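Comments concern the structure below.
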Amino acid sequence: MRMTLADALMNLNPAQREAVTAPPGHILVLAGAGSGKTRVLVHRIAYLSEIERVDPWRILAVTFTNKAASEMRSRAESLLGGDGRSLWAGTFHGICHRMLRQHASHAGLPLNFQVLDQDDQLRVIKRVMKDLGLSDEELSARDVAFFINASKDEGKRPETLDVEGQPRRRALIDLYAAYERQTRSSGVIDFAEILLRAQEMLLTQPQILAHYQRRFAHLLVDEFQDTNTVQYAFVRVLAGEQAQVFAVGDDDQSIYGWRGAKVENVQSFTRDFPNVRTVRLEQNYRSTGNILAAANAVIARNTDRLGKNLWTDDKAGAAIEIFAGYNEVDEARFVVERIKSSIEADRRPSESAVLYRSNALSRLIEENLIARQIPYRVYGGLRFFERAEIKDALAYLRLLGNPNDDAAFERVVNTPPRGIGERTLETLRKHARSHGLPLSQAASAQSLAAELAGRARNALAAFLALIETLRADSKGQDLSAVALLAITQSGLREFYASSADAKSESRMENLDQLVSAAESYICPEEDSSAGMSDLDSFLAHAALEAGDGEAEAWEDCVQLMTMHSARGLEFPCVYIIGLEDGLFPSARSIDEPGRLAEERRLMYVGITRARQELVLTHAESRRIHGQEHFSPPSRFLSEIPTELVREIRPRLRVSKAFAAPHRMTLEEPASRFKLGQRLAHPSFGVGVLVSAMGAGERTQLLINFEKSGPKLLMANVAKLEEVA
DNA sequence: CGCCGCAGGCTTTTT
DNA sequence: GCCTGCGGCG
């Protein structure tokens, strides 16, 4: 039975209802964690459609991830029925990409332009740096990529950037310009370019802007705190004077500042748009009282918040557990043991999530889960369309659609190996550059032949012939047949089939999966109407939606992920590991108040993922990159009021937090010293006694020296003195 | 040209 | 500790 909208509205709380049924005008919804944000967005769409009688076709709903977009779409469809289908819901990139396809020539793009992903972009940048002789140690390709992307996110072109008298900056701007020339001539655009180009198109093509402004009466933007400068400008220009903007976000969950997101946009919104009505969603439906109180206490340390106080009707619930491990092994063992007993006590594996600051921390947890045969899933890592073999196959397909795509050409010209080496390629590149030609055109030029040795010439000709044959054979074939041709005729499949490498089997499987993916791919109506072939559409899909991570989502398994990727999710039991200063907050953020505040918001995100149980762990010593580190517990731990906390293994009170020991024979402290005590050594200086091993004469002391780091010393040999 | 071995590097991530 | 990328050698 389909619920009527009236019923649905009755089920909302007053704040939610206020947002959903707000009269015409701009709305800012400040939605706290677990306050029913998506629900409000979806109901707003239904309300506009059914009560305000707005045709769903005139509503644009924008999100950041494909997952969020498809969830919004399907929930809207279930509320609206068939009408929901005409709603335009997508990511910023998806929407801008669609506009560019629709008006490619007005955007200065070839009809068959392709999208470069991060990996492709980095390759192009390396190429450009080499060409300019700028592949210095001073400037890494990653730095350059960061600079270019950050500039584009800010809406800046090379000519609008100021050198500011800095040589390094001069070099970066020059590289940006050279990179632009290269991508333009190849007919490819990177992710940041999709947004910037669309934005520029709206600004320079009044008739196109007018077209979209006439169409869209309502813009709904999710995760508004994540918008960067260009995205904000895009919303502004598209809204114009006529459309109403419904912006939903949470400044306390802004965790993407490092990639250009501007929390300030949330404040700017109330300034730049007239008469914005602000609604706060402060009732949390997710977490117990204790968990929420902890989250509130932590985030309260941040200044410059828009201010919100989350509350809940729920009971206080269990205390928050804090576990102090001796080292990371100890920590992992504890976490997995606790998960195991919760499973034995009837929790399903999928009800537990282990969250961490950086991916490297998942390994030990994984090992322990495997050892105890508990199923798990790690989010993140390489996604389907990002795998090397898949990208190789896609590069062949890209060359079919656009022979000028140099990035694709470079990728597969010698993959699998066919005797076209660096020397040959260098000659080819030089030729291409001096004649202003794309690589594939230069490769077929008569004038090049003279410069190449016979063998190289033949190999190159064979490659060109291969692409030509492929193109001819795929005429009139359907997508999956073309994909199959590409991986067989190119020799890619054979290459992996005959490879002894352990990974080659899974590579073959992936290639086969690519064919199945092509088989089941349905070209969206709007793509074909924009004049895209099935192949172009498929390639765009591969670039814009790189596919899911490893395991199947439906499997009942423990969830492992970073706190960044956990935002928006919730779990009955949450474990946050690696809570040490230097790890979380990260050492790179600790000294900068702005960045520290973002780390704290990340902690807030982590805490608020938990519904019933929250377990926080840290280790006194941890191997990071093969090096032993002794870090104090995260400052965020001490920001949680002690009355909410139960320490699982109470730590000794010691002068310096990071000296806290345990697990050794505490009754009989090592010789004359006490753990946690400050000691002086003639050559190493002052340090803290962290741990002791062995007994009697062979007692060894682990002392963490302030200047020279941890050292293991014999207790009865080392000349140690107590320090007051 | 291609393979192998070693050195260096390394938050977070979507599109 | 693990992966990538580069350089040297066969």
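In what follows, chains are A, B, ... by sequence order, proteins preceding strands, each numbered from 1. Quick caveat, the model's predicted, so the values are computed rather than measured.
Position along DNA chain B of the nearest nucleotide to A/Thr424 versus A/Ala543 favours A/Thr424 as the more 5'-ward residue. Between A/Leu544 and A/Asn359, the one whose closest nucleotide on DNA chain B sits nearer the 5' end is A/Asn359.
Between the C1' atom of C/dC6 and the CZ atom of A/Arg127 lies a distance of 14 Å, rounded to the nearest Å. Atoms CZ (A/Arg123) and P (C/dC6) sit 11 Å apart, rounded to a whole Å. At whole-Å resolution of the value, CZ in A/Arg423 and P in B/dG2 are 14 Å apart. Between the CG atom of A/Asp119 and the P atom of C/dT4 there is a distance of 10 Å, rounded to whole Å. To the nearest angstrom, P of B/dT15 lies 11 Å from CZ of A/Phe64. We find that NZ of A/Lys391 is positioned 13 Å from C1' of B/dT15, with the value rounded to whole Å. Here the P atom of nucleotide B/dT12 and the CZ atom of A/Arg259 are 13 Å apart, to the nearest Å. One atom, OH of A/Tyr379, and another, P of B/dT14, lie 12 Å apart when rounded to the nearest Å.
Within 4.0 Å of A/Asp117, counting heavy atoms only, lies no atom of the nucleic acid at all. Within 4.0 Å of A/Glu599, counting heavy atoms only, lies at least one base atom of the nucleic acid.
A/Thr227 and A/Asn265 form a side-chain donor-acceptor contact under 3.5 Å, judged by distance and modelled atom types alone.
Here the CG-CG distance, from A/Leu219 to A/Leu238, works out to 5.0 Å after rounding to the nearest 0.5 Å.
Considering only side-chain atoms of A/Thr65, the nucleotide from B/dG2, B/dT12, B/dT15 that sits closest is B/dT15. Residue A/Asn414 places its side chain closer to B/dG2 than to any other of B/dT15, B/dC1, B/dG2. Ranking C/dG5, B/dT15, B/dT12 by closeness to the A/Arg383 side chain, first place goes to B/dT15. Listed candidates were C/dG1, B/dT12, B/dT13. Nearest to the side chain of A/Arg623 is C/dG1.
A donor-acceptor contact under 3.5 Å is formed by the side chain of A/Gln118 with the base of B/dT14.
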Mind listing the N/O atom pairs, protein and nucleotides 5-10 of chain B, below 3.5 Å?
| residue | atom | partner | partner atom | Å |
| --- | --- | --- | --- | --- |
| B/dC10 | N3 | A/His625 | ND1 | 3.3 |

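In this structure, A/Arg259 is positioned above the aromatic face of A/Tyr256, its NZ or CZ under 6.0 Å from the six-membered ring centre and within 45° of the axis. Cation-pi contact between A/Arg101 and A/Phe113: present, with separation from the ring centre below 6.0 Å and deviation from the ring axis of at most 45°. Geometric assessment of A/Arg377 against the ring of A/Tyr379 yields a positive cation-pi assignment under the 6.0 Å and 45° thresholds.
Taking the centre of each ring, A/Phe92 and A/His97 stay at or above the 6.0 Å mark.
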Audit row: A/Arg123, A/Glu410, side-chain contact (heavy atoms from CB on, under 4.5 Å) steps and yes/no: CA-CA 9 Å; A/Arg123 283 161 186 269; A/Glu410 291 247 11; over 6 Å; no
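Taking the six-membered ring for Trp and thresholds of 30 and 60 degrees, A/Phe636 and A/Phe584 have ring planes more than 60 degrees apart, a perpendicular arrangement.
Stacking of A/Trp258 onto the six-membered ring of B/dT12 is present: less than 5.5 angstrom between centres, less than 30° between planes.
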